[in-house]
**Q** 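Questions regarding the structure given below will be posed in turn.
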Amino acid sequence: MALQFRDTLSGETRAFVPLSREQTTIYSCGPTIYGPAHIGNFRSFLFADLLVRWLRARGQVVRWVVNLTDIDDKIIRAAAAEGVEIRAMTDRWEAVFRADMAALRMSTPDVMPRATEHIPEQVALVEQLLANGHAYRADDGSVFFRIASWPAYGALARLDPEAMRVGERVESDEYSKDDVRDFVLWKAAKAGEPSWETAVGTGRPGWHLECSAMSMRHLGEQIDIHTGAIDLIFPHHEDEIAQSEAATGKTFVGTWMHCAHLQVSGDKMSKSLGNIARVSELLAAGADPRALRFALISAHYRTSLNYTPDSLAAAGAAISRLDAFQTALRARVAGGIAGSGDADASAQTIAASSWERFARSMDDDLAVPEALAALFDLVRDGNRALDAGCSGAAATAMLATLEQIDATLALLPAAAELPHGAAELLEARRAARAAKSWSDADRLRDELAALGVVVEDGRDGQRWRIGGVGE
RNA sequence: GGCGACGUACCCAAGUGGUCUAAGGGGGGGGUCUGCAAAACCCUUAUUCGCCGGUUCGAAUCCGGCCGUCGCCUCCA
């Protein structure tokens, strides 16, 4: 099966063909950096990470942009409330976000542009839209996009523009405009708010504008894939399409991909329920970042994911199973037993078929649950082959498949390093076991455990791995 | 009110017309192996897919109704 993705705009799952064979361009709506990101935010970002990793695993060159929204109403209010400079505050939360990204093994985007560093690009878009009649200036100097000038408006969200006139919430709008449905491109300066003096007036950009401008600046006027969570479909992405295509006359995005929300024990995460799980807080409390990653990527991106109090422990157990399998494979590779024909043959078959099934699943609109089933079948069947006495060469083949799969999933432990003193303890325990000094061996095992080193004995001898939380 | 998604075992979660007497992970129970432990393996834990009708030779999968949950309908990942 060829690579295919579901596109929100057309509603179809269709073969993915990038505009250029040289490079695939992806833009992901990133965080507003005014506070710690929560696990719902990261579900969305890790979905994009999986997409990028999978395309790269298939050999495509991917250029990935994730923006940082560093100017908007919430940021202005938060900085004012704290009495700090906006830049100081956004710098601080950007650092936290980057630390969370690294901990959860999200690939580092090629560019992480900030809205405030792309004012000229945004102004140019506004000028273009004013010039071609898709935008107009209001009495206070703000500039709005004229939705009436864009018949396709509403296509992404499947909203009827006419119906949107009903239920208009005029009072919530702070700016005057011709039509309540119109959205702001440029906000005229207001007292106490940051502003830029530009060709379209003194003010600041509206939220939707930054993504169009930065996407064009770093990826070109047309890109292959744009990702985000479903709540961004309307109005954010709808507005991006309108302003981008009205400005360039070209199709803005080839494939729109949106992930469903995460829920906590069946409820929406919300301040009122007090159930917002923030990544940096979970990690500080000792959550295993690999387990958290597993928990957040394990459901299909287009279905809601229910995060419960048991999720981390269940994910941790699954991760531990992967670790143990990798350790056992390495022990067999190093130990090199003679091997049995049957076990070797089945190991080779398992190694090849597991990869095929994994790849087929990922190709099918990132069917991660099915891909994980392929991975865990590899673990079970691989353990079986190990038990049946397969050779080191056969184990090498399975290890290669495991690691090939992990290039996309990023769940296996980082290259393990023994804590200081552990190597000596391991050697002492090996000697103790050889001498059948069981009490010494058991004591040494406990000492190693205290250092976070899990020791297991098998037919390939003593083997160890780093266990427990953190890592 | 409009648009859309969903309801599968104790929990998480695939499957969307026959190969489903329903994948995978976690948890529970029993067993094998092992100096012990751990790991691993084996058996077991939904004849059933919210409920009621219908279409079909055949439905978890299609259609209709009902119940329930969630999302969007102007700045929320």
Side-chain angles (χ1 to χ4, degrees), chain A residues 11 28-32 37-48 69 72-74 147 154 157-160 163-164 166-169 172-173 180-184 206-208 227-236 238-239 258-263 265-270 294-295 298-300 302-325 327-328 331 361 367-377 379-384 386-388 433 436-439 441-442 445-446 449 454-459 463 465 467:
Chain A
S28 300
C29 280
T32 299
H38 56 64
I39 57 176
N41 296 315
F42 265 96
R43 183 198 186 186
S44 172
F45 303 142
L46 291 178
F47 140 64
T69 296
D72 85 333
D73 293 348
K74 292 193 300 279
I147 283 172
R158 289 175 172 67
L159 289 171
D160 177 1
M164 288 165 58
V166 184
E168 56 194 41
R169 294 195 246 169
S172 70
D173 188 59
V180 290
R181 303 170 303 163
D182 292 344
F183 61 92
V184 68
W207 174 41
H208 313 301
T227 76
I230 48 172
D231 56 276
L232 293 181
I233 293 173
F234 195 89
H236 188 52
E238 192 74 58
D239 291 353
H258 293 96
C259 79
H261 277 164
L262 170 150
Q263 299 196 316
S265 299
D267 293 317
K268 175 180 181 173
M269 266 198 298
S270 71
F294 184 93
S298 56
H300 187 95
R302 281 190 286 104
T303 65
S304 60
L305 183 162
N306 192 20
Y307 182 88
T308 73
D310 297 332
S311 293
L312 266 185
I319 289 287
S320 183
R321 186 165 158 76
L322 296 177
D323 290 4
F325 180 52
T327 305
S361 304
V368 172
E370 173 68 17
L372 285 173
L375 170 62
F376 282 99
D377 280 349
V379 174
R380 188 196 56 237
D381 293 341
N383 275 136
R384 227 182 253 166
L386 286 171
D387 285 354
R433 291 194 75 236
K436 298 195 190 304
S437 303
W438 306 127
S439 60
D442 292 349
R445 182 167 60 201
D446 289 344
V454 176
V455 183
E456 292 159 354
D457 303 308
R459 66 194 294 175
R463 58 177 190 252
R465 60 192 162 94

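Per chain, numbering begins at 1; letters A, B, ... match sequence-line order. None of the values given here were measured: they were computed from a predicted structure.
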**Q** Please report, rounded to the nearest Å, how far the P atom of B:G71 is from the CG atom of A:L159.
**A**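 In whole Å, B:G71 P and A:L159 CG are 17 Å from each other.
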
**Q** Say whether, by atom type as modelled, one donor and one acceptor occur between the side chain of A:R463 and the main chain of A:A324 under 3.5 angstrom.
**A**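 No: the side chain of A:R463 does not pair with the backbone of A:A324.
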
**Q** Can you list the residues that meet the side chain to side chain contact (heavy atoms under 4.5 Å, CB included) rule with A:D267, with sequence neighbours excluded?
**A**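 Expected list: A:L273, A:N275.
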
**Q** What stems, by residue range, does RNA chain B take part in, given at least 3 consecutive Watson-Crick or G-U pairs under 3.5 Å?
**A**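 Only these stems qualify: B:1-7 with B:67-73, B:10-12 with B:24-26, B:27-32 with B:40-45, B:50-54 with B:62-66.
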
**Q** Closest approach of A:P369 and A:A299, non-hydrogen atoms and distance?
**A**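 Taking every non-hydrogen atom into account, CG-C, 4.1 Å.
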
**Q** Could you say whether A:D387 or A:S44 is positioned toward the 5' end of RNA chain B, judged by the nucleotide with the nearest heavy atom to each?
**A**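 Upstream on the strand: A:D387.
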
**Q** Taking 4.0 angstrom as the limit, do A:R380 and A:D377 come out as a salt bridge?
**A**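 Looking at A:R380 and A:D377, the cut-off is met.
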
**Q** Can you tell me which nucleotide in B:G71, B:U74, B:C12 comes closest to the side chain of A:T308?
**A**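 The nucleotide sitting nearest to the side chain is B:C12.
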
**Q** Tell me, please, which residues at least two apart from A:D231 pass salt bridge (charged side-chain N to carboxylate O under 4.0 Å, His left out).
**A**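 By the salt bridge (charged side-chain N to carboxylate O under 4.0 Å, His left out) rule, A:D231 matches no residue at all.
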
**Q** I need a per-nucleotide contact map over nucleotides 31-38 of chain B, read 5' to 3'. Cutoff is protein heavy atoms under 4.0 Å; write B for the base, S for backbone only, - otherwise.
**A** ----BBBB

**Q** Only counting residues at least two apart or in another chain, list the ones meeting side-chain hydrogen bond (donor to acceptor under 3.5 Å, both in side chains) with A:E370.
**A**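 A:R357.
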
**Q** Sticking with atom P, work out how far B:C33 lies from B:G24, rounded to a whole angstrom.
**A**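 Here B:C33 and B:G24 have their P atoms 26 Å from each other.
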
**Q** Taking the C1' atom of each, how far is B:G18 from B:A13, in whole Å?
**A**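 Going atom to atom, C1' in each nucleotide, I get 24 Å.
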
**Q** I need the CD-P distance between A:E238 and B:G4, as an integer number of Å.
**A**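 After rounding, the gap between these two atoms is 15 Å.
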
**Q** Taking B:G26 as the reference, what is the distance to B:G71 when you measure between their P atoms (whole Å, please)?
**A**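 My reading of the P atoms in B:G71 and B:G26 gives 31 Å.
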
**Q** Can you tell me how far P in B:U44 sits from the matching atom in B:C51, rounded to whole Å?
**A**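 Roughly 26 Å separates the two P atoms.
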
**Q** How long is the line joining CG of A:D381 and P of B:A40, in whole Å?
**A**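 To the nearest whole Å, that distance equals 14 Å.
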
**Q** Please work out which of the three classes, parallel, tilted or perpendicular, describes the rings of A:H236 and A:H208, given edges at 30° and 60°.
**A**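 Tilted: the ring planes of A:H208 and A:H236 meet at 30° to 60°.
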
**Q** Can you tell me how far P of B:G4 sits from CZ of A:R302, to the nearest Å?
**A**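 The distance from CZ of A:R302 to P of B:G4 comes to 16 Å, rounded to the nearest Å.
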
**Q** Using the P atom as the reference point in each nucleotide, state the distance between B:G4 and B:C41 in Å, no decimals.
**A**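 Those two atoms are separated by 46 Å.
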
**Q** Taking A:Q263 for its side chain and A:N306 for its backbone only, find out whether a donor-acceptor pair lies under 3.5 Å.
**A**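 No; judged by distance alone, with no hydrogens or angles, the pair does not exist.
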
**Q** Without decimals, in angstroms, what is the distance between A:H258 NE2 and B:C76 C1'?
**A**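 Result: 13 Å.
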
**Q** So, for A:R321 and A:F376, which heavy atoms are closest and what is the spacing to 0.1 Å?
**A**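 Closest approach of A:R321 to A:F376, heavy atoms only: NE-CD2, 4.1 Å.
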
**Q** For nucleotides B:A60 and B:G30, find the distance between their C1' atoms and express it as a whole number of Å.
**A**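 Per the computed distance, 31 Å lies between those C1' atoms.
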
**Q** Please report the distance, rounded to the nearest Å, between CZ in A:R384 and C1' in B:A40.
**A**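 From A:R384 CZ to B:A40 C1': 11 Å.
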
**Q** Answer with base, sugar-phosphate or nothing: what part of the nucleic acid does A:I233 contact at a heavy-atom distance below 4.0 Å?
**A**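 Nothing, no nucleic acid heavy atom in range.
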
**Q** Just how far, in rounded Å, is C1' of B:C75 from CZ of A:R181?
**A**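 In whole Å, B:C75 C1' lies 17 Å from A:R181 CZ.
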
**Q** If we take the P atom in both B:C43 and B:G58, what is their distance in whole Å?
**A**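 B:C43 and B:G58 have their P atoms separated by 34 Å.
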
**Q** List the atom of A:L386, the atom of A:A328, and the distance in Å for their closest heavy-atom pair.
**A**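 A:L386 and A:A328 have their closest heavy atoms at CD1-CB, 3.8 Å.
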
**Q** Using only side-chain N and O atoms of A:K74, determine if any of them is under 4.0 Å from OP1 or OP2 of B:C76.
**A**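 Indeed, a polar side-chain atom of A:K74 lies that close.
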
**Q** A side-chain contact here means heavy atoms from C-beta on lying under 4.5 Å apart; do A:V368 and A:F47 qualify?
**A**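 No, their side chains stay 4.5 Å or more apart.
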
**Q** Look up atom OG1 in A:T227 and atom CG in A:L232, then write down how far apart they are to the nearest 0.5 Å.
**A**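 These two atoms lie 9.0 Å from each other.
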
**Q** Between A:D231 and A:A157, name the one whose nearest nucleotide on RNA chain B is closer to the 5' end.
**A**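 Per heavy-atom nearest nucleotide, the more 5' residue is A:A157.
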
**Q** For the OH atom of A:Y307 and the CZ atom of A:R43, what is their distance to the nearest 0.5 Å?
**A**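 One gets 13.5 Å once the value is rounded to the nearest 0.5 Å.
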
**Q** Round to a whole Å and report the spacing from NE2 of A:H261 to P of B:C72.
**A**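 Spelled out: NE2 on A:H261 to P on B:C72 is 6 Å.
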
**Q** What one-letter contact string describes nucleotides 13-29 of chain B from 5' to 3', where B marks a base within less than 4.0 Å of any protein heavy atom, S marks contact via sugar-phosphate atoms alone, and - marks no contact?
**A** SS--------BSSS---

**Q** Looking only at atom P, what distance separates B:C10 and B:A22, rounded to whole Å?
**A**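 Per the computed distance, 15 Å lies between those P atoms.
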
